[in-house]
Amino acid sequence: MSEDSQDLMSEDSQELIEQHIVRTGVPAHVAIIMDGNGRWAAQRGWPRIAGHQKGVDSVREIIRAAGDLGVGTLTLYAFSEENWGRPEPEVNALFNLLDTFLIQEKDELMRNNVRLCTIGNPDALPDKSRRLIGEACQELSGNTGLLLNIALSYSGRSEIVHACRELAKLVAGGQLAADEIGHKVLESKLWTASIPSPDLLIRTSGEQRISNFLLWQIAYTELWFTPVFWPDFGRKHFAEALRSFQGRKRRYGLVQSSQTS
Ligand code: FPP
C-alpha cells in the first residue's frame, strides 16, 4: 500500500473517531498543561525557544480541534507565575510568541467563532501583551463558539489568595458577613468566576503533577496524562484524551445508583 493511501485511510479513521466523540458527548471544559517544549527542543540539540515556537503550532491545531468537536471552553496554561523565574530571553521570547499569535491568529479565531479571555495576574504582563489581549478579547467578544481561556502569569494559590483578599475587603466594609462565605461566594471572586470547572485536564510530556494550576477548580476534574511532548501533541492525541474521558464514570463522591443496596 502506498504511503498516500495509508494517510487517506488514517484520515478517514480519525474522522470516524471524531464523529463518534461528538455523538457520545464532549467535555464542556478541557484544560491543558502544555509541557515538554524545552525537552522536545533539547532532543534535537535546538534552543528551548525552538520548542516554544513549535508549541504554537500545537496551540493552533488544538484550538481548531476543540472548536470542531464542540468543546465549550479550552483553557491553556501558557505562563505560570513561577515562569517569571526563567532566564529573561526565554520569558521575552514567550511573550513575543504570544503577541505574534494574537496578531496573526485573530482573523482565524474570528472566522472560527472563537471568544477569548485570560486568567492570571494582568498587572504582571508586559504592556504590549496586555494591550493586544484587551483588543483581541474585545474584538472576539461577540462570537458564540469556543471560549479560549489563556492562563498567563497564573498561579492557583495566588488566585485563591486574591479571592480571599477580595472577600476580606467586603467583610471589612460591612457588605458581606463572614458566615455568608461558602463555595459559591468564594468562586465568584476567582479569576475563573464566569467559567465552569474543567471536566478534563490534560498534561503532556509524561509529568504527572498539577503545578499550581486551577487548584480550586479541579476538585472533580478527570486527569489524563500523556508522554507526548507538547510540540508533538496534535488532533489525534486530543481525540484520544476525549475518548478516555468518555469512558470514565464520574461519581463526585457518591455511589453509582446500581450499587445503592
Ligand atoms: C512548558 O514547557 C511550556 C511553557 C512554559 C510555555 C507554553 C507556551 C507555548 C506553547 C507558546 C505560547 C502560547 C500561546 C498561547 C501562543 P517547558 O518549557 O516547561 O518544557 P520542559 O519541561 O521540557 O522544559
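Remember, it's 1-based here, ligands and their atoms both numbered in the order they're listed. Since this is a predicted model, take the numbers as computed values, not measurements.
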Is it the case that ligand 1 has an N or O less than 3.5 angstrom from some N or O of Ile150? no
Side chain or backbone of Leu76 under 4.0 Å from ligand 1, or both, or neither, by non-hydrogen atoms? neither
Which residue holds the protein heavy atom closest to atom 5 (C) of ligand 1, what is that atom called, and what is the gap in Å? Asn83 OD1, 3.6 Å
May I ask you to test the Glu159-Gln217 pair for a side-chain heavy-atom distance under 4.5 Å? yes
What heavy-atom pair brings Ala41 and Arg48 nearest, and what distance separates the two atoms? CB-CA, 4.0 Å
Can you tell me the protein heavy atom closest to atom 6 (C) of ligand 1 and the distance? Ala78 O, 3.3 Å
Write down the atom of Ala151, the atom of Phe213, and the distance for their closest heavy-atom approach. CB-CE1, 4.0 Å
Under a 4.0 angstrom heavy-atom cut-off, which atoms of ligand 1 come close to Leu94? 6 (C), 8 (C)
Considering only heavy atoms, does Arg86 approach ligand 1 within less than 4.0 Å through its side chain, its backbone, both, or neither? side chain
Same cluster for Leu201 and Phe229 if Ile/Leu/Val/Met/Phe/Trp/Tyr side chains link at under 4.5 Å? no
Asn143 and Arg115: which non-hydrogen atoms are nearest, and at how many Å? O-CD, 3.1 Å
Could you see if Val71 belongs to whatever hydrophobic cluster contains Tyr77? Use Ile, Leu, Val, Met, Phe, Trp, Tyr and a side-chain cutoff under 4.5 Å. no
Ignoring hydrogens, just give me the one of Asn37, Ile32, Asp57 whose non-hydrogen atom is nearest atom 9 (C) of ligand 1. Asn37
Where does the angle between the aromatic ring planes of Trp46 and Trp40 fall among parallel (under 30°), tilted (30 to 60°) and perpendicular (over 60°)? perpendicular
Please write down residue, atom name and distance for the protein heavy atom closest to atom 11 (C) of ligand 1. Val56 CG2, 3.8 Å
Note: heavy atom closest to atom 18 (O) of ligand 1, options Arg48, Arg39, Met34, belongs to Arg48
Should the proximity of Trp230 to ligand 1, defined as any heavy atom under 4.0 Å, be assigned to the side chain, the backbone, both, or neither? side chain
